[in-house]
Colleague: 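One structure, pasted below without further comment.
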There are 2 protein chains.
Amino acid sequence: MTYNEAKDKFIQTWGALGTTWGINKAMAQIQALLFISTEALTMEEIMDELQISRGNASMNLRQLMDWGIVFKESKRGERKEYFTTEKDVQELARQIAKERSRREIKPVIKVLKELSDIKKDGSAKNDEFIKQTKSLYELAETADTMLEKMVNHKQNWITKSIFKMIK
Amino acid sequence: MTYNEAKDKFIQTWGALGTTWGINKAMAQIQALLFISTEALTMEEIMDELQISRGNASMNLRQLMDWGIVFKESKRGERKEYFTTEKDVQELARQIAKERSRREIKPVIKVLKELSDIKKDGSAKNDEFIKQTKSLYELAETADTMLEKMVNHKQNWITKSIFKMIK
DNA sequence: TATATATTTCAATAATTTCTGAAACTTTAA
DNA sequence: TTAAAGTTTCAGAAATTATTGAAATATATA
């Protein structure tokens, strides 16, 4: 496999993986491209490599920046902007975990708490509802707390704690 | 909030969460409905509760069964089938983790391994590609191994190991 | 200030995914 | 068998999501 074939396969694979996890293809592909690039790229270069439109590139770069995993760079004497991504996989994973927690998990936890707090009326279905939403709430809380610890832990936690985790 | 409002909100919230994680809304909602239900439901009841068509219900129930989180039950003397879901959240989480690993993570790990194995040619971009895909491969491997341990561990691992994990 | 360069926005369009409904199929029981 | 009840399949329709491209906006330089 040549470099270009490998590069292409990587970008395609990353885009497809993103899709199955609710992340739009272009967004995942832009990040993939930056991730293996030796230098920062311009929007023009990204559009060209991935064969996407200016608008698409612009919108997805903005989203990636909102996620905190892509950054703008200016080169002195140059008018246009250059883009890079977080290159450290641990940091990348942490940042993504942090954002997904903030955007998607935390709000759901809040709802689950509310819901499991409806008052008892003694009926079986009501009891079941409270029981089930409460246990879901507890699981989500625990999982999110774990994610949070991971997010706040700056050293490469994962390799260190894996065998400690389930003893 | 009345029981019915709460129930509705739960189903909606669960459907919406599914959507952001690449799971189709009806599928998530059917699972939610079964999860809080005191008894097994027929397809008819599911269609009626969620206002979805027969085809939709049938297809998504099949998928949920393929994921191993919804089961068919037959009641003696009754012709139609009844559906239930896994009621234990830990087991539910385990099963979902197991399937996502098998379907989505493992295949990507395989590709990453292949890609990080392309031969060196000394060029900077080639070196960078190998370095980056390799570190992604290693992260994915470690995370997946962790997931696997979780999956194979039958007791409520999460509450037990959380504080052990990051010390 | 005017001009060129670069970026963002957004309405229109395209692509993809989901859903419907009816026909085909299966199963049970009379 | 035949009929009735239940389920699956799938082509077409609907809904949702992603993408384009051009106008509007912003920014730097002469």
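To find a chain, count down the sequence lines: A is the first, B the second, and so on, and within it residues start at 1.
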Colleague: How close do B/Ala40 and B/Glu73 get, heavy atom to heavy atom, and via which atoms?
Modeller: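 Minimum heavy-atom contact is CB-OE1, 3.6 Å.
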
Colleague: For the pair made of CD in A/Glu45 and P in C/dT7, what is the distance, rounded to whole Å?
Modeller: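 Interatomic distance, CD of A/Glu45 to P of C/dT7: 11 Å.
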
Colleague: D/dT20 C1' sits how many Å from A/Asn60 CG, rounded?
Modeller: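 In whole Å, D/dT20 C1' and A/Asn60 CG are 13 Å from each other.
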
Colleague: With heavy atoms under 4.0 Å as the rule, sort B/Glu81 into base, sugar-phosphate or nothing.
Modeller: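 Counting heavy atoms under 4.0 Å across all strands, the contact made by B/Glu81 is with sugar-phosphate only.
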
Colleague: Looking at A/Arg94 and A/Glu86, is there a salt bridge between them, counting it only when a charged N and a carboxylate O are closer than 4.0 Å?
Modeller: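 No salt bridge links A/Glu86 with A/Arg94.
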
Colleague: Roughly how many Å is it from CZ in B/Arg62 to P in C/dT26, rounded to a whole number?
Modeller: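 About 14 Å, once rounded to whole Å.
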
Colleague: Looking at A/Glu45 and A/Thr42, would you say the former's side chain and the latter's main chain have a donor-acceptor pair under 3.5 Å?
Modeller: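 Present.
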
Colleague: For C/dA6 and A/Lys80 - does any side-chain N or O of the residue sit under 4.0 Å from the phosphate oxygens OP1/OP2?
Modeller: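 Checking A/Lys80 against C/dA6: at least one side-chain N or O falls below 4.0 Å of OP1 or OP2.
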
Colleague: With nearest nucleotide decided by heavy atoms, which residue, A/Gly55 or B/Lys72, maps closer to the 5′ end of DNA chain D?
Modeller: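 Residue closer to the 5' terminus by nearest nucleotide: B/Lys72.
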
Colleague: Specify the separation, in whole Å, of atom CG of B/Leu61 and atom P of D/dT9.
Modeller: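 Distance, rounded to whole Å: 13 Å.
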
Colleague: Distance check needed: C/dC10 P versus A/Arg54 CZ, whole Å only.
Modeller: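 Value for this atom pair: 18 Å.
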
Colleague: Tell me whether A/Glu78 contacts the main-chain N or O of A/Lys80 through its side chain, where contact means a donor paired with an acceptor under 3.5 Å.
Modeller: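 Not a single qualifying donor-acceptor pair exists.
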
Colleague: Taking only Lys NZ, Arg NE, NH1 and NH2, and the carboxylate oxygens of Asp or Glu, determine whether B/Arg102 and B/Glu99 approach each other closer than 4.0 Å.
Modeller: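 Yes, this pair counts.
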
Colleague: Looking only at atom types and distance, does a side-chain atom of B/Gln132 sit under 3.5 Å from a main-chain N or O of A/Phe35, one as donor and one as acceptor?
Modeller: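 Checked: pair present.
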
Colleague: Report each atom pair, protein N/O against N/O of nucleotides 11-18 of chain D, whose distance is under 3.5 angstrom.
Modeller:
none

Colleague: For the pair made of CG in B/Leu50 and P in C/dT18, what is the distance, rounded to whole Å?
Modeller: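 Value for this atom pair: 16 Å.
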
Colleague: Can you measure B/Met43 atom CE to C/dT26 atom P for me and round it to whole angstrom units?
Modeller: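 From B/Met43 CE to C/dT26 P: 16 Å.
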
Colleague: Strictly below 4.0 Å, N to O, side chains only: are B/Glu148 and B/Lys98 in salt-bridge contact?
Modeller: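 Looking at B/Lys98 together with B/Glu148, the answer is no, because their closest N to O distance does not fall below 4.0 Å.
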
Colleague: Give me, pair by pair, the N or O atoms of the protein and of nucleotides 26-30 of chain D that are less than 3.5 Å apart, along with how far apart they are.
Modeller:
| unit_1 | atom_1 | unit_2 | atom_2 | d |
| --- | --- | --- | --- | --- |
| D/dT27 | O2 | A/Arg79 | NH2 | 3.3 |
| D/dA28 | O4' | A/Arg79 | NE | 3.1 |
| D/dA28 | N3 | A/Arg79 | NH2 | 3.3 |

Colleague: Output the rounded distance in Å from NZ (B/Lys75) to C1' (C/dT27).
Modeller: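 About 20 Å, once rounded to whole Å.
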
Colleague: Given 3.5 Å as the limit, does a donor-acceptor pair link the side chain of A/Ser101 with the main chain of A/Ala97, or not?
Modeller: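 Not a single qualifying donor-acceptor pair exists.
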
Colleague: Does the pair A/Lys9/B/Glu114 count as a salt bridge with the N-to-O cut at 4.0 Å?
Modeller: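 Yes.
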
